[in-house]
2 protein chains.
Amino acid sequence: MSDVVDVIVGQWAKERPDVTDDLWPVQMFARIQRLARVVDKSAKDTAAAHGVEHGEFDVLTTLQRSGPPYTLTAGALLKASMVTSGAITNRIDKMEAKGLVERVREGTDRRTVKIRLTDHGHDVTRAVFADHLANYARLLATVDRDLVERTAEDLREVLLALGDTA
Amino acid sequence: MSDVVDVIVGQWAKERPDVTDDLWPVQMFARIQRLARVVDKSAKDTAAAHGVEHGEFDVLTTLQRSGPPYTLTAGALLKASMVTSGAITNRIDKMEAKGLVERVREGTDRRTVKIRLTDHGHDVTRAVFADHLANYARLLATVDRDLVERTAEDLREVLLALGDTA
DNA sequence: TGTTTTTATCTCAACGTTGAGATTATCAAC
DNA sequence: GTTGATAATCTCAACGTTGAGATAAAAACA
């Protein structure tokens, strides 16, 4: 059976037969892009239902899963989120105004700013994350679990081959 | 070997052992999200080198692969790009100013606006697409091709199971 | 024919991100 | 110690997208 990407590749093969041999990366990347769109939009809606932006949810979960004392520097959050410094500053500003996190300036290096999850931030994170996982499960309700796990393992190999290690 | 997502899942398992059983979708979705970020950023740079925005490149390729007469309605482009109507209007405005496409109002239905690739648009599309494919190949230079094709097929099954058909 | 509903596109303010530059602090070398 | 380089964060204008509403045409129905 054919999906949307098969159709796209078929169109290219017809219109640009000269590039047919170079389309194999498209088969993977286009599907990744498509799935990312669908999942991101869904995740955005889940977070929005709790009054939290997509990027803010990213910061919340990064802080919570980091464990006690639920504190990370702005720089660490920036790398984890794969966004620019301006985006992190903006996110922290708004999250601080909402009482989700607080900026802590302490320690020897006074350039660094530590971001700490507040008690309220913890509560919100737990609530949103629960909905988030339920949403993921709902999205995959019609998908064979073995397929999902197999795909996840293939994707890990791809990421490793690309040098995406911790 | 562990990738970044393995680390993330490990953190969750430690900090929130109660949700461990619900993390299997994260293994796939988080990797899709991560790969999408990397690939999108790279594709953006490729397009930018030709003075074209990421979204504009999307419109250009959609028009070219549609074949003669290289004309699609705004609505068709909107669906293909998975963005809102405002985004398409904005893209077409700028692309028309650059001479890449032209709006054609003809036919029986005067609500519809047809977007046609100009000769200049064709030239630019060919150039950017060539670089785009070369960039894809470069990205995957260190990745086993069988793995890529296997992953692409798994992803197709996932998309089909999610109902993503043409 | 006249009215209502639906469809296609455009408008525009609000929003988050980018990316270059500014600021301030630390580290390294002399 | 002073200088220069590096590092961490913040500032801010520009940019593309969103999403609700407006506009206008076509289709459906009375």
Side-chain angles (χ1 to χ4, degrees), chain A residues 33 36-38 40-49 51-60 62 71-98 100-116, chain B residues 33 36-38 40-49 51-60 62 71-98 100-116:
Chain A
Q33 191 182 17
R37 287 269 177 113
V38 174
D40 278 358
K41 188 162 294 188
S42 188
K44 186 183 170 189
D45 292 344
T46 300
V52 174
E53 294 294 325
H54 198 203
E56 296 177 0
F57 175 58
D58 190 22
V59 172
L60 288 176
T62 303
T71 304
L72 291 171
T73 64
L77 288 171
L78 178 163
K79 283 171 196 157
S81 296
M82 300 175 91
V83 292
T84 59
S85 62
I88 287 294
T89 298
N90 185 33
R91 286 180 187 179
I92 304 304
D93 283 350
K94 300 196 171 174
M95 294 174 76
E96 199 169 23
K98 290 181 187 175
L100 297 169
V101 300
E102 53 187 0
R103 280 185 168 88
V104 182
R105 304 195 100 105
E106 59 182 17
T108 62
D109 191 335
R110 279 185 299 176
R111 291 171 304 178
T112 65
V113 174
K114 290 180 178 170
I115 317 298
R116 179 161 56 202
Chain B
Q33 190 181 18
R37 288 271 176 111
V38 173
D40 279 358
K41 188 162 294 188
S42 189
K44 186 183 170 190
D45 292 344
T46 301
V52 173
E53 293 295 326
H54 198 201
E56 296 177 0
F57 175 58
D58 190 22
V59 171
L60 287 175
T62 302
T71 303
L72 291 171
T73 63
L77 288 171
L78 178 165
K79 283 171 197 157
S81 296
M82 300 174 91
V83 292
T84 59
S85 63
I88 287 295
T89 298
N90 184 34
R91 287 179 187 180
I92 304 304
D93 283 351
K94 299 196 172 175
M95 293 174 76
E96 199 169 24
K98 290 180 187 174
L100 296 169
V101 300
E102 53 188 1
R103 279 186 169 89
V104 182
R105 302 195 101 105
E106 59 182 16
T108 63
D109 191 337
R110 279 186 298 176
R111 290 171 305 178
T112 65
V113 175
K114 289 179 178 171
I115 317 299
R116 179 160 58 204

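Residue numbers begin at 1 in each chain, while the letters A, B, ... track the order of the sequences.
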Which pairs of donor and acceptor atoms, one on a side chain in residues 72-82 of chain A, lie under 3.5 Å apart (sequence neighbours left out)?
from	atom 1	to	atom 2	distance (Å)
A/T73	OG1	A/A76	N	3.1
A/S81	OG	A/D58	OD2	2.9
A/S81	OG	A/L77	O	3.1

Expressed as a whole number of angstroms, how long is the span from [X]:[atom1] to [N]:[atom2]?
{"X": "A/E56", "N": "C/dC15", "atom1": "CD", "atom2": "P", "value": "12 Å"}
{"X": "B/E53", "N": "C/dT17", "atom1": "CD", "atom2": "P", "value": "17 Å"}
{"X": "A/D58", "N": "C/dT17", "atom1": "CG", "atom2": "C1'", "value": "13 Å"}
{"X": "A/M95", "N": "D/dC10", "atom1": "CE", "atom2": "C1'", "value": "18 Å"}
{"X": "B/R110", "N": "D/dA24", "atom1": "CZ", "atom2": "P", "value": "12 Å"}

For A/D109, salt bridge (Lys or Arg N to Asp or Glu O under 4.0 Å) partners two or more places apart: A/R111
Side chain of A/E96, backbone of A/R103: donor and acceptor closer than 3.5 Å? yes
How would you list, by chain and number, every residue that makes a side-chain contact (heavy atoms from CB on, under 4.5 Å) with A/R116, sequence neighbours excluded? A/T71, A/E102, A/V104
Among all residues two or more places apart in sequence or in another chain, which pass the side-chain contact (heavy atoms from CB on, under 4.5 Å) test with A/K98? A/E56, A/L100
Heavy atoms under 4.0 Å is the rule here; annotate nucleotides 7-12 of chain C 5' to 3' with B where the base is hit, S where only the sugar-phosphate is, and - elsewhere. BSSBB-
Tell me, please, which residues at least two apart from B/S85 pass side-chain hydrogen bond (donor to acceptor under 3.5 Å, both in side chains). none
Which part of the nucleic acid, if any, lies within reach of B/K44 when heavy atoms closer than 4.0 Å are counted: base, sugar-phosphate only, or nothing? sugar-phosphate
